[in-house]
> 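One structure follows; several queries about it will come next.
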Amino acid sequence: MNSTQNNPIGFFDSGIGGTSIWKEVYQLLPNEHTIYLADSANAPYGEKSVEEIIELCIKNTELLLNKNCKLIVVACNTATTNAIKYLRANYPVPFIGIEPAIKPASLHTKTKKVGILATKGTLNSSLFSTTSHTIDNSVELIEQVGEGLVELIESGKIVSKEMTDLLEKYLSKLLQQNIDYLVLGCSHYPYLVPQIKKIVGNKIFIIDSGQAVAKQTKKILEINNLLNSKNSIPTTIFYSNTNTSILKSVLGNNPNLSVKKLDF
Ligand code: DGL
């Protein structure tokens, strides 16, 4: 018995994108209490300096720790690749991060060309650079910054002419290079999969890291004896520091979820 095992799992992201990760964790671990912070007031993180990203991650982590979270999922590639080392070195709880799934894509590609769509902050990070040097060197990684995509998602324009135009511009560059795998390296992008499929067709495999993060979360909870031991309906609270309507729209009508505005 660990005294914190019935405490919540904390999540944070620069906005609503990390709910794509939260959904995978909720599906795999439906018994866990969860608290999610959507730091939409500071989105996008991907255009900020490493120092600014670390400061924002400290703020989010300390709020989640004040709410007694037993483990924190950094549900943002940009935050993970720039700040998880700092967080792990400075706070006492386990952190689960999310990194672009370039390793599985590089193992399965037939054309030996893997496209990756991510933020500037992720693609420029030293963690991403280290990971990309570990993949088979016969595989070429073709990077594309998804500039503007997070802002459109955060402003409720997931399905819009602006979104289609941007996606066509970015994806056509990747398609020209004969990619057969497209890695979504930002937790906001799974919400774009229907539009991406319309552009790339069904010959391109689209992968993200959500399921891997959920499995890793379960494994780390088990190893640390932190799985919730009670069999009651868990509380799930989402906090946004801007208008909550976009957050509500991606969560759907689940009566067990509570969405609140909080200044943080
Ligand atoms: N969801 C964040 C990620 O995975 C978005 C980053 C941003 O705010 O630019 O990278």
Side-chain angles (χ1 to χ4, degrees), residues 10-25 36-61 64 72-87 95-102 105 115-129 131-132 143-158 163 166-167 170 182-193 196 206-214 216-217 238-242 246-247 249-251 264:
F11 294 74
F12 72 83
D13 178 39
S14 62
I16 65 165
T19 58
S20 65
I21 309 297
W22 174 87
K23 284 176 185 174
E24 299 286 354
V25 174
Y36 181 101
L37 302 181
D39 191 13
S40 299
N42 291 300
Y45 281 10
E47 298 292 315
K48 297 189 191 303
S49 68
V50 179
E51 293 71 26
E52 286 172 314
I53 295 168
I54 292 176
E55 278 309 310
L56 292 166
C57 291
I58 291 172
K59 163 185 75 76
N60 298 332
T61 296
L64 290 170
I72 293 178
V73 178
V74 181
C76 173
N77 292 261
T78 311
T80 299
T81 52
N82 287 280
I84 202 157
K85 200 171 160 198
Y86 178 91
L87 298 174
F95 286 87
I96 309 294
I98 169 169
E99 280 191 73
I102 52 176
I116 163 155
L117 188 62
T119 69
K120 189 162 84 187
T122 293
L123 295 175
N124 287 345
S125 67
S126 54
L127 184 55
F128 179 74
S129 163
T131 309
S132 53
E143 300 174 9
Q144 175 64 53
V145 175
E147 194 180 343
L149 300 177
V150 167
E151 290 92 321
L152 285 177
I153 294 168
E154 288 293 322
S155 55
K157 293 183 176 166
I158 291 179
M163 184 64 85
L166 274 188
L167 285 175
Y170 299 150
L182 173 64
V183 176
L184 302 182
C186 170
S187 58
H188 280 70
Y189 299 167
Y191 288 114
L192 303 176
V193 166
I196 292 175
I206 302 171
I207 57 173
D208 64 58
S209 317
Q211 281 184 3
V213 170
Q216 182 67 3
T217 303
F238 294 79
Y239 293 107
S240 169
N241 51 12
T242 61
I246 314 292
L247 189 51
S249 72
V250 296
L251 291 172
F264 62 90

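Indexing begins at 1, ligand by ligand and atom by atom, following the structure's order. What you are looking at is a predicted structure, and each value in this text was computed from that prediction instead of being measured. Side chains are part of it too, since the values below use all heavy atoms of this structure and drop only hydrogens, waters and symmetry mates.
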> Flag G46 as yes when one of its N or O atoms lies below 3.5 Å from any N or O atom of ligand 1, and as no otherwise.
yes
> Under 4.0 Å from a heavy atom of P44: give me the atoms of ligand 1 that qualify, with their elements.
7 (C), 8 (O), 9 (O)
> Report the C-alpha separation of Y189 and L149 in whole Å, then their side-chain angles, then the decisive distance to 0.1 Å, and conclude whether the side chain to side chain contact (heavy atoms under 4.5 Å, CB included) test is met.
CA-CA 8 Å; Y189 299 167; L149 300 177; 3.8 Å; yes
> Among all the protein's non-hydrogen atoms, which is closest to atom 7 (C) of ligand 1, and how far away is it?
Y45 N, 3.2 Å
> Would I72 and F12 count as a side chain to side chain contact (heavy atoms under 4.5 Å, CB included) here? Give the steps.
CA-CA 8 Å; I72 293 178; F12 72 83; 4.0 Å; yes
> Identify which of N77, L149, I98, D208 has a heavy atom lying nearest to atom 3 (C) of ligand 1.
N77
> Measure S14 to ligand 1 on non-hydrogen atoms and call it side chain, backbone, both or neither using the 4.0 Å cut-off.
side chain
> Quick test of your reading of the structure: of N42, D39, T78, whose heavy atom lies closest to atom 10 (O) of ligand 1?
T78
> For residues 115-127, which residue pairs pass the salt bridge (Lys or Arg N to Asp or Glu O under 4.0 Å) check, not counting sequence neighbours?
E47-K120
> Please determine whether the number of non-hydrogen atoms from other residues, nucleotides or ligands lying under 6.0 Å from atom NZ of K23 exceeds 12.
yes
> Between W22 and F238, what is the ring plane arrangement, given parallel below 30°, perpendicular above 60°, and tilted in between?
perpendicular
> Please confirm whether S187 comes under 4.0 Å of ligand 1, counting heavy atoms of the residue only.
yes
> Side chain of N77, backbone of T122: donor and acceptor closer than 3.5 Å?
no
> Using a plain distance cutoff, I'd like to know if D13 has any nitrogen or oxygen under 3.5 Å from a nitrogen or oxygen of ligand 1.
yes
